[in-house]
2 protein chains.
Amino acid sequence: MASAEQHAAPATAATDGGRRTRPVTITDIARVTGVVPSTVSRALNKPGRVNAVTRERIQAAARELNYVPNSQARALISGRTGTIAVVVSDVTNPFYFGLIRGTQQRLKAAGYAQLLIDTEDSGEHEAEMLQKMRRSLDGAILAASRLPERALTALAGEIPLVTVNRNVPRVQSVVIDTPTGIGLAVEHLVGLGHRDIVYVAGPENSWSNHARWRAVRAAAQRYGQRFRHVGPFPRGRRSGSAVADAVLASGATACVCFNDLFAIGMLPRLRQRGVRVPEDLSVVGCDDIFGADFCHPPLTTLTAPIEQAGEVAVAMLLARLEQPVTEHPGTAPSRRAVLLPATLTVRESTGPAPTTRLSAVRPPAGPS
Amino acid sequence: MASAEQHAAPATAATDGGRRTRPVTITDIARVTGVVPSTVSRALNKPGRVNAVTRERIQAAARELNYVPNSQARALISGRTGTIAVVVSDVTNPFYFGLIRGTQQRLKAAGYAQLLIDTEDSGEHEAEMLQKMRRSLDGAILAASRLPERALTALAGEIPLVTVNRNVPRVQSVVIDTPTGIGLAVEHLVGLGHRDIVYVAGPENSWSNHARWRAVRAAAQRYGQRFRHVGPFPRGRRSGSAVADAVLASGATACVCFNDLFAIGMLPRLRQRGVRVPEDLSVVGCDDIFGADFCHPPLTTLTAPIEQAGEVAVAMLLARLEQPVTEHPGTAPSRRAVLLPATLTVRESTGPAPTTRLSAVRPPAGPS
DNA sequence: ATGAAAGCGCTAACAA
DNA sequence: TTGTTAGCGCTTTCAT
């Protein structure tokens, strides 16, 4: 019972009266061991600089009392908080799962805590949050930031920053090279006989969307293809029906989607309208998110090494944080942009171009 | 150019030399406005208790210098950090997406930051992390904790805690009532003529797994069914093939899976072995995660209001944090457990029991 | 090797 | 209404 009690609240020190509890501080340890607080601090942090036996005694006491350092107090002095923010526009977008996992792992390994921030797809929100938290962060990783370029540059001057899938001058970034991958995808479609490819555009405020858009256009031109686009459509799977209808209306035999969510979202609607994938229409997604392999049919898509992107982003950030203070403050940290290749994963949503145009397509029958 | 410069680094004050920068503090504002720091503090935090014109002057200066309060320093005094940890066993498990979204939203609305912790499915890890971070947290929400009951109770004594899908005495919890839902699922299967139902068990260390297991067993008995189980299987979709093989070996005509990941994972293997769903085998999942509606065939599953669970968990936690300090420290906060109903969502993976036993099932052909 | 003292940025008594 | 003082927990000189 007594030991159970100890387990229940081991991290507290009884005051004189013994009726209230309070977190254990180095002062408590000092009192118990008969030294001064600064000695306790040394014994715990620079064990080499304190007598072996006192060190033992102090460390034992600390363990016994279940002492946990107050990181706020530490941060107040050092200015370093040990936490890194990972900023995403929407936590529920499966695209970010891998990113979050990648950053989480590396951050934990390095002893940092990960603060997850969801900006709800609003640049203003993003700026505001970051501004507010600046002081309690050692750095931030911005995934698909919605911030205008100048705001991003400005922010990078205030807090160590690494962006993911967003390339602006003077801020470190890791971007997944979907454009090159998209070239592969278009080549794949052309090889299957498609001559009329449409790009399904994502939201206007997405940097990736524009990068992919340009890539499809360039690749189409390279192969002498007709190129068009539909959209832009709002983020998310709910856009699926509208996307499907628009693609069908375009008359193209193949589409390249801004992302897998669009592609997956199209599928039910296409089925509903009697369009077979890939016999009547080939669909290419982008990112290879969770679900891309088990939707029906499984998606041909660009596999993005997003988890790796998270890892690299953390590595870049930590490298900067942990490098010795520059002698020459004028020397800006050399801008570094890492480009990660995306590969084409061919599954079952792409096939030979139909020899005849779609004819017996059922008309759109109301929203979804 | 000058104003651009201001935007680039507005949150710093030049020292005398003017060649280095440093975050703006209330002392800086005090100096600029000719008052003392405590007045600045008041002007910013209790505007009512300071002369209108000085207040204006101070607030203007704060805005001008782009002052941001140092939350560490504040925390040092108040003991409150404004951050809540959300602890999950695996960030990439889609089950948690909704939870994280729910907590994130409510937390942000209440002005708290969300610290996401991934325990990598290890109870030890979980305990260690929480222990280490205790001091920098105002509270924690534990999703599907792997901690033994006594450790959980002990922890609850040190830091305000709410568990999700884990019920232990004396700690507040919100649990999704999948057991009752499972009764519905079994009833549904019985109604379809199934007489031989197998439960696919999840990992041993999962509280939910045991709850669901018991529920299936109870329901089966209630309906005079034969009941068996296969497993336990390790978490994750990779278990899919093994699950499928085990279910097939059991000879049952229907299975209820620990979660959707198992169910989705089974599907390709079943197809590979020539087993049709639901004609030859009915499959029921649990949770209704992202993907359950677009896998093939779409899954009959228990829809868990997981986002709502996150919201409720936050509400419970904040209610406790923000309630005035109890006059009687002995009065433990009244234990409150919220039970959220899960509903049965019937899609296409369940159907009438086959009239004849499976015969021409292809043998398992190596892993996956 | 250890102790004494100062201070990080902020807030909260208490005084004036 | 404003200033003065003290102190949160910790680290870091500087003495000893």
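Letters A, B, ... mirror the listed sequences (proteins, then strands); counts begin at 1. Computed from a prediction, not measured in an experiment: that's the story for all the values here.
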[X] [atom1] to [N] [atom2]: how many Å, rounded?
{"X": "Arg31(B)", "N": "dC10(C)", "atom1": "CZ", "atom2": "P", "value": "12 Å"}
{"X": "Arg49(B)", "N": "dA15(C)", "atom1": "CZ", "atom2": "P", "value": "15 Å"}
{"X": "Leu44(B)", "N": "dC10(C)", "atom1": "CG", "atom2": "P", "value": "9 Å"}
{"X": "Gln72(B)", "N": "dG7(C)", "atom1": "CD", "atom2": "C1'", "value": "17 Å"}
{"X": "Asp28(A)", "N": "dC8(D)", "atom1": "CG", "atom2": "P", "value": "11 Å"}

May I ask you to verify whether the side chain of Ser38(B) and the base of dT5(D) hold a donor-acceptor pair under 3.5 Å?
no
5′-ward residue of the pair Ile77(A)/Arg42(B) relative to DNA chain C:
Ile77(A)
Using a 4.0 Å heavy-atom cut-off, does [X] contact any base of the nucleic acid, only the sugar-phosphate backbone, or nothing at all?
{"X": "Ser41(B)", "value": "base"}
{"X": "Val36(B)", "value": "base"}
{"X": "Ser78(B)", "value": "nothing"}

Under 3.5 Å, is there a donor-acceptor pair linking the side chains of [X] and [Y]?
{"X": "Thr83(A)", "Y": "Gln114(A)", "answer": "no"}
{"X": "Gln172(B)", "Y": "Thr163(B)", "answer": "no"}
{"X": "Tyr96(B)", "Y": "Arg101(B)", "answer": "no"}

So, does [X] get its side chain near the phosphate of [N], meaning an N or O under 4.0 Å from OP1 or OP2?
{"X": "Asn45(B)", "N": "dT11(C)", "result": "yes"}
{"X": "Lys46(B)", "N": "dA12(C)", "result": "yes"}
{"X": "Arg74(A)", "N": "dT11(D)", "result": "yes"}
{"X": "Thr39(A)", "N": "dG3(C)", "result": "yes"}

For Glu149(A) versus Pro169(A), what's the shortest heavy-atom pair and its separation?
OE2-CD, 3.1 Å
